Each structure stands twice: as C-alpha cells, then as structure tokens.
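Everything numeric here is computed off the predicted structure, so don't read it as measured data.
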Amino acid sequence: MPREYRTIQEVAGPLMLVRNVTDVAYDEIGEIELASGEVRRCKVLEIDGGNALVQLFENSAGINLSDSKVRFLGHTMELGVSEDMLGRIFSGMGRPIDGGAEILPDERRDINGLPMNPAARVYPSEFIQTGISAIDGLNTLVRGQKLPIFSASGLPHAQLAAQIARQAKVVGTDEPFAVVFAAMGITFEESDYFIQSFRKTGAIDRTVMFVNLANDPAVERIATPRMALTCAEYLAFAKNMHVLVIMTDITNYADALREISAARKEVPGRRGYPGYMYTDLATMYERAGRQKGCTGSITMIPILTMPEDDKTHPIPDLTGYITEGQIILGRDLFRRGVTPPIDVMPSLSRLKDKGIGKGKTREDHAATMNQLFACYSRGKEAKELMTILGESALTEMDLIYARFADAFEKTYISQGNDTDRSITETLDLGWKLLTMFPRSELKRISDMMLDEYYDKYKEAK
C-alpha cells in the first residue's frame, strides 16, 4: 500500500525534504499531489533516519509545503516491456510520444536491471555488418561488444548513428535483429532528424526509440539509457533477438549526473563530475553482452562528444576504460569533406580479431586490414614530408604512398551517409586500392593470398 505524508519540510531547486517517514527505501518512486490535484513524480535520493531527500522529475514551481502530500509507491522505477514496443517512440521516462496507444506490457521490470554474472557471459565472436567500410573493414564490430564513438562538437555523429541504426545486421542468419535507440539531451531538430530518417528507410519497424530532449528534466536524462537497456534486455534475453543499443549523447548524461550531484552538495571529483561516475557508467555499459543459454545478445554503441576535443576529459577517459575500443571522428577529415570522418589510425576495436576471418567475413580480412593500416600510416607520413620539404624531395615510392593515402580517404573511408556496403564490397575495395603498389611492397600479406587476390584485382583494374 502506498504511504502518504504531509510532512514536506523544504524544497530547494529539484530537491525536496520529507520528514518522519517510515519504511521508505533508496531509489523508491513517489508522487507529489498538489492542492490543485496535479500529480508530479519524484525519486528517493537519500534516507537519513526518518528524513527522506527526494528528487523531483518535474520542476518545483507551485508546490505549497502545507497543502501538498507525498505518496511513496513501494517500488523503484519500472518499465512495462513487450514486443509491441518495436516501431514505437517513447519519452525518456518510457511513455509513448508517437501518438500511438499505450503498451500492454508482458511484464514490468526494474530499470536498474541486474548485473550479468561474469561466469555466464559468452565471449563476443560474431561479426556485425554496419555497412560502413571504416568500421567493418578496419575496426570491426562484434556481437556483444561495447564500441563507443568519440565525436566532438560540430561533427556529424548524429548522421553516423542514424546510418548504423539503419544498416546494421548480422550476416548469414535469419535471427531477428532489433535496434534500441536512446537519445539524451538532444534538440527537437536532432530528434526529428532521427525519427524521419528511420521512418523514411523503414528501419523504424525494428527500432525502439527513447527520446529525452534538451529541455526535459536532468533526472529524466539519468533514467533514459536505463529504460533503453531494460527494453534491450527483454528483447535479447526473453525474446532471443540480436539487439544493437545506440546511446547518444553520453556527455549530456554525464552533465546531468554532475548537475544532480551538485544539487545534493556532494564533493566533486575531476572537472566537477561526481567521484562515482566511473561506477555509474560501468553499471550501464556492462549490461551489454551475450549470455550462456541465450541466442540473443546486446551490442552497444555509446556516442559521446569530447568537450574541447579532449580525449583525456573524464567522460571519454572513463568510457575508454570500460569499453572494448573506440571509433574516433576527426575534425581534419570533416573539414576535407570525408563522410563519415572516421579517423582510423587512433580508432580501435579490441575484439575485431575475434569477429573476422574464414566463415565470419573472409579469409583475407585480417591480412588486408593490417596492410591497409600500414600503407595508410606511411602515406600520411609521406604527405607530411611533402608539406615540409616539397614533392621533389620524395622518392617515387613515397609519392605512391601519398597518392594511396588520398585515394584511401576519398574512396574507402568516405562513402556518404546513404551507402550501405557489404563486407565483400569493403574487402574488394581494399584490394583495388592495394593494387596501386607493386606486389613486393605488400609485405603483410602471404604469397598464397597475393596469388589468389592481387593478380585478379590488378587485371580487373
């Protein structure tokens, strides 16, 4: 039974103190009923004896301390889950905002979830095709992986997120694939872009969207990714679907965490963020993965904008510790018109070796990937030398490497926001670029593989 109290002592910003409460628990949900009959929601942040400090989901304007009452509901925040959520758009708090009917849930789940038992985890090893060569060919995404995208202000991470959501698939299987998309602190314009993009291509039918706008409360921003992950866990482990969770923007989430921490007068850590931010991010990221006995899986792509393009900022820094690599967008590539502007040299997928090769992508994948990295790296060095010393100072081979670097960026990395390349097309394109070099330069590919592929693409050229 809900317990009601008329003992509101104080309201300070988004926080409210309720005295003389009994049997109220941390994280419990409550309702504040105003004298007018309006109901607002709140969550217990702290219990000190008989005093409960609660956080309001809406603003505190109009709350009269003597005439308002608080009702504690006896449970934490929950989400009603069902397969009918596919194709629907929800607010950050899990309410439908697409004009459709309310969801009739199969069950209700605590949005904080349960930690996955490490002993029950299955090692990620199956390739997911995003249709983007810079990811599929060089920094491969694997089922059950956490692979963040590090972006910066003004870079097209929203377009990249939408492209991955539209194109991602598990190759060579008919098993159902779903996308759960969580947007935190985005503008209405960005929200509309995602929705229209998914509707236009039909991707909305296999997508569940949770949208928290920039003018929504900060505490709702904290709940949004947990709502999305609760939905993903249901689809993956109860309905055996492969689920890709895309979360944008983690920086807005962390800023909301800092705002709430400051309101509670907690001792700040690095750059004002709370000291427990690592733990908080880990409780989200570690909900991705594969479980023994389940054919479904959760693969996660968190997207964050690095403040001041700084990789050492606490948000990208802590995210890098918890996740298995990162895809980095480069401002220099963006200025030169490369779309998507993925900087492949500092980017990394720590599990890429587990998801490529014979029976997964193709037997030549690993060798061509290493050769492309090596040639691009030397090509960039040659271009730097050309800038300093002039073209005449370079050897003929250095000039070939410099031309390769330009062609690699123009045709391999840059593919636009609407091109969906299969892994075969990506690998073929890599070989076509490598034929710019004499065979003797390709030292990272075995003679047997060169016999099979190099001459074929050289002749086709």
Side-chain angles (χ1 to χ4, degrees), residues 1-82 85 88-105 107-112 184-185 210-228 230-231 256-257 259-266:
M1 273 292 290
R3 289 92 64 216
E4 284 192 354
Y5 299 92
R6 288 185 177 274
T7 53
I8 301 172
Q9 178 72 24
E10 186 183 346
V11 176
L15 303 179
M16 188 171 76
L17 183 66
V18 186
R19 293 203 182 279
N20 304 324
V21 300
T22 54
D23 297 328
V24 172
Y26 170 73
D27 233 15
E28 188 173 335
I29 295 299
E31 293 177 342
I32 305 152
E33 189 176 324
L34 278 56
S36 62
E38 182 190 347
V39 175
R40 297 180 191 173
R41 289 174 305 162
C42 61
K43 180 176 82 167
V44 177
L45 283 184
E46 203 174 292
I47 298 289
D48 180 15
N51 298 335
L53 182 69
V54 302
Q55 167 119 24
L56 305 170
F57 288 128
E58 292 88 3
N59 63 51
S60 56
I63 296 179
N64 186 311
L65 302 189
S66 56
D67 294 338
S68 303
K69 57 186 176 184
V70 184
R71 208 166 28 246
F72 293 104
L73 304 180
H75 59 78
T76 55
M77 197 178 297
E78 294 176 335
L79 176 69
V81 288
S82 160
M85 297 176 86
R88 299 294 304 275
I89 304 164
F90 300 88
S91 71
M93 297 301 289
R95 293 186 300 270
I97 55 171
D98 55 3
E102 289 286 334
I103 294 291
L104 294 173
E107 57 180 285
R108 299 194 71 81
R109 293 192 172 196
D110 181 349
I111 66 162
N112 296 303
M184 295 159 281
F210 291 85
V211 179
N212 166 269
L213 297 175
N215 61 342
D216 290 331
V219 73
E220 183 176 308
R221 211 154 296 151
I222 301 298
T224 303
R226 291 175 169 80
M227 290 277 176
T230 303
C231 173
L257 204 64
E259 187 181 323
I260 290 167
S261 176
R264 292 170 67 176
K265 297 184 170 58
E266 292 172 339

In Å, rounded to the nearest 0.5 Å, how long is the span from CG of L45 to CG of D27? 8.0 Å

Looking only at non-hydrogen atoms, find the nearest pair between A218 and A256 and report the distance. O-CB, 3.7 Å

Rounded to the nearest 0.5 Å, the CD1 atom of I8 sits from the CD1 atom of I32 at a distance of 6.0 Å

Any idea which heavy atoms bring E58 and L56 closest together, and the distance? O-CB, 3.2 Å

Is the shortest heavy-atom distance from the side chain of F210 to the side chain of T230 under 4.5 Å? no

Which atom of C231 lies closest to which atom of V81, heavy atoms considered: CA-CG1, 4.2 Å

Can you find a pair of side-chain heavy atoms, one from L34 and one from I63, that are under 4.5 Å apart? yes

Does R226 reach the main-chain N or O of I222 with its side chain, forming a donor-acceptor pair under 3.5 Å? yes

Less than 3.5 Å apart, which donor and acceptor atoms pair up between the side chains of residues 90-105 and the rest of the protein, not counting sequence neighbours?
unit_1: S91; atom_1: OG; unit_2: M93; atom_2: N; d: 3.2
unit_1: S91; atom_1: OG; unit_2: R95; atom_2: N; d: 3.2
unit_1: D98; atom_1: OD1; unit_2: R88; atom_2: NE; d: 3.4
unit_1: D98; atom_1: OD1; unit_2: R88; atom_2: NH2; d: 3.1
unit_1: D98; atom_1: OD1; unit_2: G100; atom_2: N; d: 3.0
unit_1: D98; atom_1: OD2; unit_2: R88; atom_2: NE; d: 2.7
unit_1: D98; atom_1: OD2; unit_2: I89; atom_2: N; d: 3.1

Sequence neighbours left out, what pairs pass side-chain hydrogen bond (donor to acceptor under 3.5 Å, both in side chains) with at least one residue falling in residues 42-51? R19-N51

List in chain and number order the residues that pass side chain to side chain donor-acceptor pair (under 3.5 Å) with R109, two or more places apart in sequence or in another chain; answer none if no residue qualifies. E107

Distance in Å, S60 OG paired with E10 CD, rounded so as to fall on 0.5 Å steps: 11.5 Å

Of all the heavy-atom pairs spanning V211 and D216, show the shortest one and how long it is. O-OD2, 4.4 Å

Taking it one step at a time, do V44 and V24 satisfy side chain to side chain contact (heavy atoms under 4.5 Å, CB included)? CA-CA 8 Å; V44 177; V24 172; 3.7 Å; yes

Nearest heavy atoms of M184 and P225, plus distance in Å: SD-CD, 3.5 Å

The side chain to side chain donor-acceptor pair (under 3.5 Å) partners of E38 (sequence neighbours excluded) come to R40

Backbone N or O of E220 within a donor-acceptor pair of the T224 side chain at under 3.5 Å? yes

Enter the distance from R264:CZ to L15:CG here, rounded to the nearest 0.5 Å. 8.0 Å

For residues 69-79, which side-chain donor-acceptor pairs fall under 3.5 Å, sequence neighbours excluded?
unit_1: R71; atom_1: NE; unit_2: E31; atom_2: OE1; d: 3.4
unit_1: R71; atom_1: NH1; unit_2: E4; atom_2: OE2; d: 2.9
unit_1: R71; atom_1: NH1; unit_2: E33; atom_2: OE1; d: 3.0
unit_1: R71; atom_1: NH2; unit_2: E31; atom_2: OE1; d: 3.0
unit_1: T76; atom_1: OG1; unit_2: D110; atom_2: OD1; d: 3.2
unit_1: T76; atom_1: OG1; unit_2: D110; atom_2: OD2; d: 3.1

Here the pair of heavy atoms bringing A25 nearest to I47 is C-CG1, 4.4 Å

Residues at least two apart in sequence or cross-chain that pass side chain to side chain donor-acceptor pair (under 3.5 Å) with S68, listed by chain then number, are none

Return yes if some donor-acceptor pair links the side-chain N/O of R221 with the main-chain N/O of L213 below 3.5 Å, else return no. yes

